[in-house]
Amino acid sequence: MSKGNTTRMTDELYAYMLAHNPPLDPVQRGLVTTTYARYPDSAGMQSAEEQGPLLAWLVRMVGARHIVEVGTFTGFSSLAMARALPADGRLIACDVSEEWTAVAREAWEAAGVADRIELRLAPALDTLRAMPDEPHIDLAYLDADKENYVAYWEELVPRIRPGGLIVTDNTLFHGRVVDPDATGAVAGIRTFNDHVAVDARMDSVLTVISDGLTLSRKR
């Protein structure tokens with residue numbers, strides 16, 4: 001088996017990559033800084049900086065107007081996607097934390113996209129199950145509790161329109177997914193990855209972007 005490209009992501013190379021991607025705007029940069037300052041022990045939950053421009057690009061690529069985000073934290077990913085939506089587009093953000101999403105609300109207001117985002121503070125499975133059953137979602141971003149990834153997937157897939165996307169974060173989970181004896185979140189990711197790989201409803205590719213990003217397109 002050949003690994004192909006063996007480029008090692010050094011700090012210098014990572015900075016080079018960011019410099020050659022669309023830059024974060026002042027609100028996005030401020031949100032990253034605020035998140036690390038206020039929540040240093042939890043800031044790793046924030047989507048990687050390079051994922052912001054990528055998510056915005058995917059929104060534009062599929063012409064998304066209806067987005068669902070499962071797991072919002074302080075709002076970096078939802079901000080990136082909402083900025084890429086047309087004025088009449090809508091993003092439903094699912095989370096359970098009043099504290100973290102208060103930071104997100106401030107950023108959405110500052111960026112002028114608060115009217116495009118509906119925050120639903122409730123267990124995400126309840127929120128998803130309350131949505132219309134028919135395919136109507138253009139893009140979903142999944143980045144919440146890993147043990148429930150398969151359950152979220154099963155609620156999302158029937159509601160994704162043909163050609164729509166599910167983008168799932170942390171599918172390599174710091175490299176720990178190769179451990180067959182893993183428990184907790186890592187075991188949840190392993191189960192999810194196996195589930196997605198054989199789901200005939202979707203075309204999926206697991207990439208090495210950041211902590212592992214799986215891109216899945218509805219057939």
Side-chain angles (χ1 to χ4, degrees), residues 24-32 34-35 38-39 42 45-47 51-146 148-149 151-170 213 215-218:
L24 301 187
D25 63 38
V27 177
Q28 290 174 313
R29 176 61 62 199
L31 179 57
V32 171
T34 296
T35 299
R38 293 190 189 178
Y39 307 111
S42 304
M45 294 169 57
Q46 184 170 251
S47 296
Q51 288 176 249
L54 174 60
L55 288 169
W57 185 84
L58 290 171
V59 170
R60 296 186 182 102
M61 184 187 73
V62 300
R65 290 179 176 273
H66 188 182
I67 298 172
V68 174
E69 177 180 70
V70 182
T72 294
F73 190 40
T74 58
F76 178 76
S77 51
S78 50
L79 175 57
M81 291 187 288
R83 293 294 294 265
L85 278 171
D88 62 346
R90 293 294 178 267
L91 186 155
I92 296 175
C94 306
D95 209 284
V96 294
S97 173
E98 293 265 8
E99 180 182 359
W100 289 338
T101 57
V103 179
R105 287 180 187 272
E106 292 177 4
W108 300 337
E109 288 285 352
V113 296
D115 61 333
R116 302 178 192 177
I117 302 174
E118 179 185 346
L119 176 63
R120 298 188 182 179
L121 288 173
L125 282 174
D126 293 345
T127 299
L128 295 176
R129 288 167 180 161
M131 292 180 180
D133 291 333
E134 67 270 10
H136 64 285
I137 300 170
D138 300 308
L139 187 149
Y141 183 52
L142 179 51
D143 187 19
D145 52 307
K146 314 311 173 188
N148 274 322
Y149 263 22
Y152 296 140
W153 174 268
E154 286 302 317
E155 295 300 329
L156 286 167
V157 170
R159 294 173 169 88
I160 297 288
R161 54 96 167 160
L165 300 179
I166 299 178
V167 182
T168 309
D169 201 13
N170 303 118
L213 197 69
L215 307 176
S216 305
R217 181 181 182 273
K218 182 78 170 282

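All figures in this text were calculated on a predicted structure; none of them were measured in a lab. The first residue of the sequence shown is numbered 1, and numbering continues consecutively from there.
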[atom1]-[atom2] distance between [X] and [Y], expressed to the nearest 0.5 angstrom:
X: T101; Y: L121; atom1: OG1; atom2: CG; answer: 4.5 Å
X: L156; Y: L165; atom1: CG; atom2: CG; answer: 12.0 Å
X: K146; Y: N170; atom1: NZ; atom2: CG; answer: 3.5 Å
X: E154; Y: R159; atom1: CD; atom2: CZ; answer: 11.0 Å
X: Q51; Y: D169; atom1: CD; atom2: CG; answer: 4.5 Å
X: D95; Y: T127; atom1: CG; atom2: OG1; answer: 10.0 Å

Using only atom types and a distance under 3.5 Å, with no angle test, would you say the side chain of E69 pairs donor to acceptor with the backbone of S78?
yes
Sub-3.5 Å donor-acceptor pair from the side chain of R65 to the main-chain atoms of P86, do we have one?
no
Non-hydrogen side-chain atoms of [X] and [Y] separated by less than 4.5 Å:
X: R83; Y: D25; result: yes
X: F76; Y: L55; result: no
X: R161; Y: K218; result: no
X: L125; Y: Y152; result: yes

Side chain to side chain contact (heavy atoms under 4.5 Å, CB included) assessment of L215 paired with L58
CA-CA 10 Å; L215 307 176; L58 290 171; 4.2 Å; yes
Side chain to side chain contact (heavy atoms under 4.5 Å, CB included) partner of I137, the single match among I92, I166, V68
V68
Aromatic rings F73 and Y39: how do their planes relate, parallel, tilted or perpendicular, breaks at 30° and 60°?
tilted
Parallel, tilted or perpendicular, judged at 30° and 60°: which one describes the rings of H136 and H66?
tilted
Which residues share a ring pair (Phe, Tyr, Trp, His ring centres under 6.0 Å) with Y149, sequence neighbours left out
F192
Check the pair V167, L54 against side chain to side chain contact (heavy atoms under 4.5 Å, CB included), reporting the backbone distance first and the verdict last.
CA-CA 11 Å; V167 182; L54 174 60; over 6 Å; no
By salt bridge (Lys or Arg N to Asp or Glu O under 4.0 Å), D145 pairs with (sequence neighbours left out) none
Work out which heavy atom in A82 is nearest to a heavy atom in L91; give both atom names and the distance.
N-CD1, 4.2 Å
Atom CD of residue position E134 - does it have more than 12 heavy atoms of other residues, nucleotides or ligands inside 6.0 Å?
yes
